[in-house]
Amino acid sequence: MNRSALRALRVPASAVFASFLWLPPAGAEEAPRRPPHIQKLVREAEAAFDRLDIALARQIWARIHELERTNVAMCQLGQLDRRLARWVDAVGELELCVAQMKPPETPREQRLYETRHDDLAVARQHVAEVAVLAPPGGGGRARERPPGGCDRADLRGARAA
């Protein structure tokens with residue numbers, strides 16, 4: 001939903017963000033009440049997100065994650081890094097997030113579960129993975145090349161020609 005649609009509904013962006021992001025992971029047991037200093041940080045993160053200061057919201061959630069290593073905090077980091085186009089970080093965080101999610105038991109948990117997996121799929125589309133394999137019998141040695149792309153053996157071959 002875009003920002004103008006949110007204004008039309010008179011719903012602050014943080015409320016929409018909260019509906020999908022502040023929820024505990026699907027199937028999670030009721031989280032114990034957060035300490036007051038953590039609650040204050042969550043309110044600050046919500047306010048930053050509502051002002052569209054995503055970088056500050058991410059910084060605050062990083063602090064929350066340092067203080068309480070919960071899956072909710074990890075999921076928030078993944079979501080915020082996705083919005084900041086920090087794709088590699090987002091993929092790593094969202095992979096941890098969805099790996100710790102339990103199968104959903106309610107329609108609300110199902111929506112959150114699907115949203116998290118969809119967000120991970122979107123983030124993965126922005127990240128490439130490269131696997132480098134040595135050919136069989138290659139001896140495991142690689143020739144190093146200096147900057148510029150040629151080495152002494154290349155130069156000797158050029159002189160002989």
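Values reported hereafter were calculated over all heavy atoms of this structure, with side chains retained and with hydrogens, waters and symmetry mates removed.
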Colleague: So, taking the atom named CZ in Arg116 and the one named CG in Leu94, what distance separates them when rounded to the nearest 0.5 Å?
Modeller: 7.5 Å
Colleague: Just by distance, do the side chain of Gln79 and the backbone of Cys75 share a donor-acceptor pair under 3.5 Å?
Modeller: no
Colleague: Tell me whether Leu67 shares a hydrophobic cluster with Leu77, the cluster being built from Ile, Leu, Val, Met, Phe, Trp, Tyr side chains joined at under 4.5 Å.
Modeller: yes
Colleague: Which atom pair, heavy atoms only, marks the closest approach of Gly78 to Ala90?
Modeller: O-CB, 3.7 Å
Colleague: As an exercise, state the distance from CD1 of Ile54 to CZ of Arg86, rounded to the nearest 0.5 Å.
Modeller: 12.5 Å
Colleague: Please report the interatomic distance CD(Glu109) to CE(Met101), rounded to the nearest 0.5 Å.
Modeller: 8.5 Å
Colleague: State yes or no: do Ile64 and Met74 share one hydrophobic cluster built from I, L, V, M, F, W and Y residues joined by side-chain heavy-atom distances below 4.5 Å, directly or via other members?
Modeller: no
Colleague: Determine the minimum heavy-atom distance between Ala48 and Ala57, stating which atoms define it.
Modeller: CB-N, 3.8 Å
Colleague: Do Val88 and Val98 land in one hydrophobic cluster if side-chain heavy atoms of ILVMFWY residues count as linked below 4.5 Å?
Modeller: yes
Colleague: Return each pair, listed once, that meets salt bridge (charged side-chain N to carboxylate O under 4.0 Å, His left out) where at least one residue sits in residues 54-65; pairs must be two or more places apart or across chains.
Modeller: Arg58-Asp81, Arg58-Glu93, Arg63-Glu66
Colleague: Please confirm whether the backbone N or O of Trp61 pairs with a side-chain atom of His65, one donor and one acceptor, at under 3.5 Å?
Modeller: no
Colleague: Taking all non-hydrogen atoms of both residues into account, name the closest pair between Tyr113 and Pro103 and its distance.
Modeller: CE1-CA, 4.4 Å
Colleague: How long is the straight-line distance from CD of Gln110 back to OG1 of Thr115, given to the nearest 0.5 Å?
Modeller: 9.5 Å
Colleague: Let me check something: do Val127 and Val122 share a hydrophobic cluster, defined by ILVMFWY side-chain heavy atoms less than 4.5 Å apart, either directly or through other members?
Modeller: no
Colleague: Decide whether Val91 and Leu96 are clustered together by the hydrophobic rule: side chain heavy atoms of Ile, Leu, Val, Met, Phe, Trp, Tyr closer than 4.5 Å, transitively.
Modeller: no
Colleague: Using the test salt bridge (Lys or Arg N to Asp or Glu O under 4.0 Å), find all partners of Glu95 that sit at least two apart in sequence or belong to another chain.
Modeller: Arg124
Colleague: Would you give the length of the straight line joining atom CG of Asn71 to atom NZ of Lys102, rounded to the nearest 0.5 angstrom?
Modeller: 10.5 Å
